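Atom set for the values below is all heavy atoms of this structure, side chains included, hydrogens, waters and symmetry mates excluded. Everything quoted here is computed from the prediction, not taken from an experiment. In what follows, every chain begins at residue 1, and chains take the letters A, B, ... in the order their sequences are listed.
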Amino acid sequence: MNDISGLNFEQQKAVNAGPGSVLVLAGPGSGKTRVLTQRVTYLISEGLSPHRLLAVTFTNRAAKEMRSRIESQIDPKFQVRNVGTFHSLCARLLRQQSENDARSKDFVIYDSADQRALIKQSMHYHNIDDKRYKPHSIHSTISTAKNDLIGVSEFSRDSYYDEIVARVYERYQHLLQQNNALDFDDLLAEAVFLLRDNSAVREHYQNLYQKILVDEFQDTNLAQYTLLRLLSGQYRDLFVVGDPDQSIYRWRGADYRNVRRFQTDYPEAEIIYLRKNYRSTQTILDVATAVIDKNHSGGSVRLFSDIAGGDKINVHEAYDEEEEAQFVVDTIKANSINEKIRPGECAVMYRTNAQSRALEEAFVRAGMPYRLLGATRFYARREIKDLLAYIRLIHNMLDTVSLERIINVPSRGIGSQTYSALLEYCEKLNVNPIRLILKLTDDGSDAEHYKALGARTARPLAAFGLLLRGWLNALEAGESVGSLLDLIIHDTNYEAFIKSGKESSSDRWENVEELRKVFSGFDDRDLGEVLEQISLVADVDSLGVDLDGGGAPALMTLHAAKGLEFPLIFIVGLNDGVLPHRRSFDEPEEMAEERRLLYVGLTRAKELIYLSHTFRRYNFGYGSSGIPSRFLKDLPMELVTGDVSTKNISDPTDWPQTNVVKSQSVSNITRSSVDIQFRSGQRVSHHTFGLGIVIESKFLSGDELVIVAFDDVGIKRLVAGSAQLKLEDVE
DNA sequence: GGTGAGTAGATGTTC
DNA sequence: TCTACTCACC
Ligand SMILES: Nc1ncnc2c1ncn2[C@@H]1O[C@H](COP(=O)(O)OP(=O)(O)OP(=O)(O)O)[C@@H](O)[C@H]1O
């Protein structure tokens with residue numbers, strides 16, 4: 001079962017290394033994840049009990065894959081529980097240790113929308129104007145602090161802004177606790193604080209986890225690193241694998257310097273380098289290496305592949321995003337016709353989620369299925385979040401954020417007046433609003449609270465409480481989560497509510513149906529477990545293990561592509577301002593991370609890479625000129641084919657007033673100039689548009705496409721053959 | 001209290 | 001282009 005003969009010498013050395021700490025440093029596709037998985041099965045085959053080890057993966061998908069490998073090796077009755085992401089492992093630790101923590105084991109995990117609501121509530125409490133201070137930026141300051149393990153009391157109040165944040169932070173934590181909730185950052189930070197401050201708990205886990213293994217170590221943040229240090233305190237047996245050149249989560253507190261820190265903190269650690277790449281062609285590796293070398297990070301080890309040569313990297317310039325998307329679709333089709341690469345083996349990657357729109361439209365137009373990862377997470381959709389808020393409320397009656405979300409959805413006569421009156425009343429009596437609502441229902445209209453609030457306020461609240469009571473009873477009676485959901489949908493007339501909504505009501509109802517399907521699959525699983533799982537899944541986790549999801553190409557951000565591999569990839573939107581993103585321009589560290597992002601993208605490919613950029617870019621619905629990404633000029637010319645621009649691509653170009661963008665194809669495909677009728681700079685006239693100047697002319701799908709800046713009507717794109725475009729004589 | 005129109009402001013990546 | 005919030009009116 002545990003056959004390591006397929007591994008190379010260095011890989012085997014890593015699998016069998018130890019005892020003691022090990023650092024595996026290696027580039028993309030060198031089998032780091034494979035080695036880690038193999039080591040887990042090796043350790044178990046050597047007699048280590050599966051629950052004496054802890055394996056941390058970057059995605060739930062990777063965790064699932066590893067778990068199934070392990071399960072195939074051991075007694076099927078044994079459940080593998082200690083394999084997961086940092087977040088899911090911390091959540092479980094905190095639940096197990098809930099008696100040592102301020103929250104009960106039913107705590108809920110707040111997602112970004114819940115967090116935002118609570119931040120706003122906290123700001124409101126301190127009369128902080130949410131126009132002057134953006135809730136988002138306050139939240140991200142708090143989030144950064146948590147990732148650096150800075151608690152409320154240690155948070156600096158040196159500047160005026162910090163003082164504001166500190167107050168919000170304090171209130172925010174207070175509210176989280178009151179709601180019996182944790183945010184994502186708390187999962188890590190609270191776990192660390194618990195282990196740090198409670199020696200009994202710490203010793204328990206230190207003795208339990210004899211071996212700890214971590215994938216994608218370069219993207220750990222301080223909280224995660226500290227967690228590992230604490231947990232490995234007893235055995236000092238940490239096996240970490242990573243690649244500093246693939247660190248792409250700096251903005252989330254990740255710090256690739258943890259690799260160096262590890263070497264300092266574990267000086268005895270054995271360091272193993274893997275040099276052979278099993279994923280990509282040598283051409284791809286050479287191109288990727290050329291790109292990342294410009295970061296001068298040093299340390300990067302040259303990778304070699306058995307697959308010598310390989311196709312050159314294609315660079316394509318499209319007119320705009322629509323045409324770029326069409327190019328993607330056409331290329332996927334072309335590659336599938338000659339049976340070379342199936343659509344399901346292709347992936348399209350981009351810097352920002354917003355870029356998926358044009359691609360989706362092109363796929364829809366072509367009638368081609370696709371899988372979209374990211375964007376709006378399924379569980380973040382309005383109707384889904386609403387229904388989940390009902391469920392969460394039943395699970396954790398302290399969750400006022402969920403209460404506020406659905407108390408009047410669908411509307412049931414509880415507007416902002418009624419709700420504020422309720423909150424005020426509860427505050428005065430120091431009771432929980434949800435309990436009070438239930439009390440109103442149970443005690444009837446003659447009771448004290450009912451009278452104090454007044455019938456106008458109390459009646460709709462009591463009616464809502466009646467529904468709540470029914471669901472609580474159902475839960476008590478042991479109804480499954482699936483039938484609980486159905487009961488809520490029924491009692492609230494949710495179907496009618498969705499279907500009477502004006503926008504996309506059928507799509508929204510389909511989402512609800514989808515949720516019901518998911519829930520019915522949960523059977524008799526514990527409600528808390530179900531909610532936790534929902535909070536912690538990422539879209540990328542839905543990719544099957546074989547990645548070829550029913551023959552549909554995958555669309556995802558470069559971040560989501562981490563750790564995956566595809567025979568053919570596209571990276572679209574290689575424009576300055578997009579990749580690298582404009583927000584990284586004046587921070588060298590961030591610019592370096594943009595480059596790493598491209599490096600991660602390039603190294604996902606096994607065989608073919610298509611890079612594209614656009615001539616026009618649209619932001620906020622307004623057009624601007626697209627400048628090819630500065631990274632493009634770092635591609636080795638001899639390994640690239642297609643539209644390689646000769647213009648100085650790092651120069652911002654101010655179109656159209658100052659200078660005209662000149663772009664000439666210096667493609668390696670010899671293209672007879674006879675075919676092209678127009679050249680950039682030429683003066684032309686058109687019978688309706690009038691006079692103009694040619695910006696660019698090139699072949700696209702067999703036609704000559706001419707882009708002309710007309711004096712009166714602006715930029716138009718025309719097909720030379722069909723448009724009546726005439727050359728004007730220039731003096 | 002509910003609803004719809006109108007408008008300012010935003011989009012960077014994720015657990 | 002899309003969203004989230006405000007405000008007027010029912
Ligand atoms: N010894 C080997 N023989 C054959 N194939 C291998 C070997 N080692 C790894 N591979 C294959 O190479 C590919 C890359 O492996 P893996 O994903 O483990 O690399 P990685 O170093 O984790 O990559 P990345 O850092 O890019 O995520 C996988 O398809 C894996 O199956």
Side-chain angles (χ1 to χ4, degrees), chain A residues 56-61 63 84-91 109-113 115-117 120 130-131 134-137 140 143 146-147 182-189 216 219-221 223-224 247-254 321 349-358 361 373-377 379-380 382 408-421 456-457 460 500-503 532-541 556-562 573 577-585 587 590 593-594 596-598 600-601 617-623:
Chain A
V56 189
T57 60
F58 199 74
T59 61
N60 290 298
R61 184 183 156 274
T85 62
F86 274 108
H87 286 91
S88 64
L89 293 167
C90 286
I109 299 164
Y110 275 176
D111 71 7
S112 41
Q115 290 168 33
R116 204 178 99 96
K120 283 187 142 186
D130 62 8
K131 294 267 173 348
K134 290 203 213 103
H136 174 80
S137 73
S140 76
S143 171
K146 286 184 181 179
N147 285 324
L182 291 165
D183 68 14
F184 289 125
D185 306 316
D186 284 333
L187 292 175
L188 308 175
E216 305 281 9
D219 268 326
T220 49
N221 61 33
Q224 292 163 335
S247 169
I248 54 175
Y249 283 93
R250 197 182 101 93
W251 49 275
R252 212 171 72 181
E321 285 184 274
M349 302 166 189
Y350 35 81
R351 176 65 235 265
T352 68
N353 282 307
Q355 291 170 263
S356 71
R357 175 171 298 270
E361 283 168 1
L373 310 180
T376 320
R377 288 175 63 240
Y379 293 112
R382 191 162 19 119
N408 204 30
V409 177
S411 28
R412 48 174 76 87
I414 307 173
S416 57
Q417 297 290 315
T418 304
Y419 189 65
S420 326
R456 179 94 188 252
T457 302
S500 65
K502 30 191 279 165
E503 351 110 62
E532 174 174 315
Q533 189 176 326
I534 285 171
S535 304
L536 297 179
V537 289
D539 265 17
V540 67
D541 299 330
M556 68 190 92
T557 61
L558 287 159
H559 282 92
K562 176 165 165 156
V578 181
L579 180 63
H581 198 272
R582 56 176 61 74
R583 296 254 248 248
S584 69
F585 282 179
E587 240 290 0
E590 296 209 358
E593 182 149 309
E594 297 290 304
R596 291 196 291 268
L597 199 48
L598 175 60
V600 168
R617 286 233 69 93
Y618 296 90
N619 327 315
F620 307 111
Y622 274 93

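Using a 4.0 Å heavy-atom cutoff across all strands shown, A/Glu590 reaches at least one base atom of the nucleic acid. Contacts of A/Arg351 with the nucleic acid, taken as non-hydrogen atoms under 4.0 Å apart, include base atoms. Residue A/Glu593 is out of contact with every strand shown, counting any heavy-atom pair closer than 4.0 Å. Residue A/Arg596 is out of contact with every strand shown, counting any heavy-atom pair closer than 4.0 Å. Using a 4.0 Å heavy-atom cutoff across all strands shown, A/Asn408 reaches sugar-phosphate atoms only and no base atom. Using a 4.0 Å heavy-atom criterion, one finds that A/Tyr249 contacts the sugar-phosphate atoms exclusively.
Paired with A/Leu558 under the rule side-chain contact (heavy atoms from CB on, under 4.5 Å), one option of A/Leu579, A/Leu598, A/Val600 passes, and it is A/Leu579.
Distance CG (A/Asp183) to P (B/dT14): 18 Å, rounded to an integer number of Å. Spacing between atom CZ of A/Arg582 and atom P of B/dT13 amounts to 12 Å, rounded to whole angstrom units.
Place A/Ser416 and A/Trp251 on DNA chain B by their nearest nucleotides, and A/Ser416 ends up nearer the 5' end. Residue-to-nucleotide proximity on DNA chain B shows that, of A/Tyr419 and A/Phe184, the 5′-proximal contact is made by A/Tyr419.
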Strand DNA chain C in bracket notation, Watson-Crick/G-U under 3.5 Å with | for pairs to another chain: ||||||||||
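Residues meeting the ring pair (Phe, Tyr, Trp, His ring centres under 6.0 Å) test with A/His581, sequence neighbours left out: none.
Ring geometry for A/Tyr249 versus A/Phe58: interplanar angle of 30 to 60°, hence tilted.
Nucleotides C/dA4 and B/dT13 are separated by 15 Å at their P atoms, to the nearest Å.
Checking the phosphate oxygens (OP1, OP2) of B/dT14, no side-chain nitrogen or oxygen of A/Ser112 falls inside 4.0 Å. The phosphate of B/dG1 (OP1 or OP2) has a side-chain N or O of A/Thr418 nearer than 4.0 angstrom.
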